[in-house]
A.B. asks: 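Mind looking over this structure? Questions follow.
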Amino acid sequence: MIQSLRGMNDILSEDYERFEYFITTASTIAKRYGFHYIETPLLEETALFKRSVGESSDIVGKEMYQFIDKGENDVCLRPEGTAGVVRAFIQHKLDKKGGIHRFYYHGAMFRYERPQKGRLREFHQFGVESFGVDSVYEDALMIMMVADILKALGIGYRLKLNSLGDQNCMPAYREKLVSFIESCGDSICGDCERRKLTNPIRVLDCKNEACQNLYVNAPKLINNLCEGCQSDFDTLKTILDQHTIAYEIDTNLVRGLDYYSKTAFEFVSDNIGSQSAIAGGGRYDRLIEFLDGKPTPAVGFALGIERLMELIVMPEPVREGYYFGAMDAEAITPLLLAAEKIRRTQKAVVEYEPRSLKAHLKGADRINARYCAVIGENELAQNSIWVKDLVDKTESLIPLNDFFV
RNA sequence: GUGGAAUUAGCUCAGUCGGUUAGAGCAUCAGGUUGUGGUUCUGAGGGUCGUGGGUUCGAUUCCCAUAUUCCACCCCA
């Protein structure tokens, strides 16, 4: 038997209904916030991700679906959505055009990782990107939008908030932190020893207890923000308070990459296992210039759809449409015609096998049909169709001529 | 990439100290005197016990490999 590849899943029937419900709900909300859909390719030049993600850490070498195609192009399946949207933004010269551009997208992303729950090789994200707005109000808008989406889906969450500073205060903080780590000497773990060089800020959320004890007195970025970053962060907190969105400051919430600045946020759920982040986002004012665009302020977020799936509270299903069943082989012909007529406006499902009335009622019930319509011996004799409303429990015998009017 | 656990019916799981017909619940299908569902009762069908090797008279059970899932770590754009 041929199986799907590791970490790559099919999404079918009820799962897909959830999936679709999520997309519909999130898209509706994004449109209400004034965002427009953008579709970008799944495959991009590897250089795009190398430059957006940076050469740092294992990401490029180890965790991307990278290969050389038949035209000898170095390409990658997209590991995230932002880079492609930014590429499109620059390619279509929207950076030069100026103004505000707001996009939302959803689709498959690919990361070559060891799978576990909530961590797949092919997974789906819903995201939005906003270009051209410098104001921290746009950062707040992002958070409000995620909160709206999660609320609409009946999903509980905790919101973690941090500021990453900008090019004025981040580098200085980084140096301060590195010298603090160095002052710890050999007592830090091997992982931290490595992180000190690759991504020093990550040492702050080391899982090692001994390290954590050492880092209690580590300098915190939040106490080392420059004036602009500090006032934006304060404003953001005020806005969230005014909109009664609860948050917790998490000074360990970081983004490893250089183009991130100021606002960083993460929505987490305590009910889905170790991969608990359901949405993450923040400001990335420098990415556009990193990708050869005209410097443009930008902020965005992405939601991991698979991680939300089991948390979504679906609305009560409503009975709709018709189930058609034959109790006699001869009855199929008029039933197919009846179904064809109903399908012009409603759902109509036909069972081809002649069965007992009881079996057909069960069948109608199972597909959640509003009406069960059958034709048997009696109906054939009277050239009519028997219809039962499964909600009102009323039934009627309708002459076929009337039914087809 | 590292370490660990799991894999038996469509689903959730029992079980076999290696032995002849591998079980349950739910689901499916059929019946309950012959045409009334979602909520009853009875019965039936459905499994080369993840895959490939090995040990053995004999393997679903023991050993090895492999695949997938899950957990912890690494990483997390």
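Everything numeric in this text was worked out from a predicted model, so none of it was measured. So that the names make sense, note that chain A is the first sequence line, chain B the second, and so on, each numbered from 1.
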A.B. asks: Between B/rA67, B/rC70, B/rA30, which nucleotide gets closest to the side-chain atoms of A/Gln3?
C.D. replies: B/rA67
A.B. asks: Taking the P atom in each of B/rG37 and B/rU8, what is the distance between them to the nearest angstrom?
C.D. replies: 36 Å
A.B. asks: Given the structure, check if the side chain of A/Lys393 and the base of B/rG37 hold any donor-acceptor pair shorter than 3.5 Å.
C.D. replies: yes
A.B. asks: Could you state the CZ-P distance from A/Arg307 to B/rC76, rounded to the nearest angstrom?
C.D. replies: 13 Å
A.B. asks: What is the nucleic acid contact for A/Arg51, judged by heavy atoms within less than 4.0 Å: base, sugar-phosphate only, or nothing?
C.D. replies: nothing
A.B. asks: Once the angle between the rings of A/His101 and A/Phe103 is folded into 0 to 90°, is it parallel (under 30°), tilted (30 to 60°) or perpendicular (over 60°)?
C.D. replies: parallel
A.B. asks: Respond yes when some side-chain nitrogen or oxygen of A/Asn199 is under 4.0 Å from OP1 or OP2 of B/rC76, and no when none is.
C.D. replies: yes
A.B. asks: Would you tell me if any nitrogen or oxygen in the side chain of A/Arg366 comes within less than 4.0 Å of OP1 or OP2 on B/rC29?
C.D. replies: yes
A.B. asks: Determine the interatomic distance between P on B/rU7 and the same-named atom on B/rG15; round to the nearest Å.
C.D. replies: 11 Å
A.B. asks: Can you tell me how far P of B/rA30 sits from CG of A/Leu357, to the nearest Å?
C.D. replies: 13 Å
A.B. asks: Below 3.5 Å, does any donor atom in the side chain of A/Arg114 face an acceptor in the base of B/rC71, or the other way round?
C.D. replies: no
A.B. asks: Within this structure, what is the NZ-to-P distance between A/Lys117 and B/rA72, rounded to whole angstrom?
C.D. replies: 11 Å
A.B. asks: So what's B/rA72 paired with, Watson-Crick or G-U wobble, going by both distances under 3.5 Å?
C.D. replies: B/rU2
A.B. asks: How close or far is atom P of B/rC73 from atom CD of A/Glu113, stated in whole angstroms?
C.D. replies: 14 Å
A.B. asks: Starting at CZ of A/Arg194 and ending at P of B/rC73, how long is that distance when rounded to a whole Å?
C.D. replies: 14 Å
A.B. asks: Base, sugar-phosphate, or nothing for A/Arg78, non-hydrogen atoms under 4.0 angstrom?
C.D. replies: nothing
A.B. asks: Strictly by Watson-Crick or wobble contacts shorter than 3.5 Å, is anything paired with B/rC57, and which nucleotide is it?
C.D. replies: B/rG19
A.B. asks: Establish, yes or no, whether a centroid distance under 6.0 Å links the rings of A/Tyr16 and A/Phe19.
C.D. replies: yes
A.B. asks: Which part of the nucleic acid, if any, lies within reach of A/Gly363 when heavy atoms closer than 4.0 Å are counted: base, sugar-phosphate only, or nothing?
C.D. replies: nothing
A.B. asks: Could you check A/Glu379 against A/Arg121 and say which one's nearest nucleotide on RNA chain B is further toward the 5' end?
C.D. replies: A/Arg121
A.B. asks: Does the side chain of A/Arg355 get closer than 4.0 angstrom to OP1 or OP2 of B/rU28 through an N or O atom?
C.D. replies: no
A.B. asks: May I have the distance from A/Gln275 (atom CD) to B/rC70 (atom P), rounded to whole angstrom?
C.D. replies: 11 Å
A.B. asks: Among the candidates B/rG35, B/rA77, B/rG37, find the nucleotide nearest to the side-chain atoms of A/Asp365.
C.D. replies: B/rG37
A.B. asks: Hey, is the main chain of A/Ile398 close enough, under 3.5 Å, to the side chain of A/Ser396 for a donor-acceptor pair?
C.D. replies: no
A.B. asks: Applying a 4.0 Å non-hydrogen cut-off, can you work out what A/Ser274 is touching in the nucleic acid: base, sugar-phosphate, or nothing?
C.D. replies: sugar-phosphate
A.B. asks: Of the options B/rC76, B/rG37, B/rG1, whose atoms approach the side-chain atoms of A/Lys62 most closely?
C.D. replies: B/rG1
A.B. asks: Classify the side chain of A/Lys358 versus the base of B/rU36 as yes if they form a donor-acceptor pair under 3.5 Å and no if they do not.
C.D. replies: no
A.B. asks: When you compare the side chain of A/Tyr260 with that of A/Met170, does any pair of heavy atoms fall below 4.5 Å?
C.D. replies: no
A.B. asks: Go nucleotide by nucleotide along RNA chain B from the 5' end; which of A/Val374 and A/Gly273 gets its closest nucleotide reached first?
C.D. replies: A/Val374
A.B. asks: Between B/rG38 and B/rA44, how far apart are the two C1' atoms, rounded to whole Å?
C.D. replies: 23 Å
A.B. asks: Quick one: A/Arg6 CZ to B/rC70 C1', roughly how many Å, whole number?
C.D. replies: 12 Å
A.B. asks: Hunt down the Watson-Crick or G-U wobble partner of B/rC11, both distances under 3.5 Å, from any strand shown, or write none.
C.D. replies: B/rG25
A.B. asks: In whole Å, measure the gap between the P atoms of B/rU55 and B/rU60 for me.
C.D. replies: 15 Å
A.B. asks: Below 4.0 angstrom, N of the basic side chain to O of the carboxylate: do A/Arg202 and A/Asp191 qualify?
C.D. replies: no
A.B. asks: Out of B/rU69, B/rC29, B/rC75, which nucleotide sits closest to the side chain of A/Glu63?
C.D. replies: B/rC75
A.B. asks: Any idea which of B/rA77, B/rC74, B/rU69 is nearest the A/Glu80 side chain?
C.D. replies: B/rA77
A.B. asks: Test for a donor-acceptor pair under 3.5 Å between the base of B/rC76 and the side chain of A/Arg119, counting only N and O atoms.
C.D. replies: yes
A.B. asks: Report the base-pairing partner of B/rG35 (Watson-Crick or G-U wobble, both distances below 3.5 angstrom), or none.
C.D. replies: none
A.B. asks: CD of A/Gln116 versus P of B/rU69: gap in Å, rounded?
C.D. replies: 11 Å
A.B. asks: Considering only the C1' atoms, how many Å lie between B/rG18 and B/rC49, rounded to the nearest integer?
C.D. replies: 14 Å
A.B. asks: When rounded to the nearest Å, what value does the distance between P atoms of B/rC11 and B/rG50 take?
C.D. replies: 13 Å
A.B. asks: Tell me which nucleotide among B/rC74, B/rG37, B/rA77 gets nearest to the side chain of A/Leu390.
C.D. replies: B/rG37
A.B. asks: To the side chain of A/Asn378, which of B/rC74, B/rG35, B/rA77 is closest?
C.D. replies: B/rG35
A.B. asks: Please determine, for B/rA77, whether a Watson-Crick or G-U wobble partner exists with both distances under 3.5 Å, and give it or none.
C.D. replies: none
A.B. asks: Using atom C1' in both nucleotides, what's the gap between B/rA27 and B/rG45 to the nearest angstrom?
C.D. replies: 13 Å
A.B. asks: Paired with B/rU42 by Watson-Crick or G-U wobble geometry, both distances under 3.5 Å: which nucleotide is it?
C.D. replies: B/rA30
A.B. asks: Does B/rA65 pair with anything, Watson-Crick or G-U wobble, both distances under 3.5 Å, and if so, with which nucleotide?
C.D. replies: B/rU51
A.B. asks: Parallel, tilted or perpendicular: which one describes the rings of A/His106 and A/Phe126, with boundaries at 30° and 60°?
C.D. replies: parallel
A.B. asks: Using a 4.0 Å heavy-atom cut-off, does A/Arg111 contact any base of the nucleic acid, only the sugar-phosphate backbone, or nothing at all?
C.D. replies: base
A.B. asks: With a 3.5 Å cut-off and heavy atoms only, can you find an N or O donor on one side and an acceptor on the other between the side chain of A/Glu395 and the base of B/rU36?
C.D. replies: yes
A.B. asks: Check for a donor-acceptor pair, side chain of A/Ser187 on one end and backbone N or O of A/Gly185 on the other, with a separation under 3.5 Å.
C.D. replies: no
A.B. asks: Between B/rG19 and B/rU12, how far apart are the P atoms? Round to whole Å, please.
C.D. replies: 27 Å
A.B. asks: So that I can tick it off, tell me whether A/Arg158 and A/Asp270 are bridged by a salt bridge, with the cut-off set at under 4.0 angstrom between side-chain N and carboxylate O.
C.D. replies: yes
A.B. asks: Thinking salt bridges, do A/Lys196 and A/Glu193 make one under a 4.0 Å N-O criterion?
C.D. replies: yes
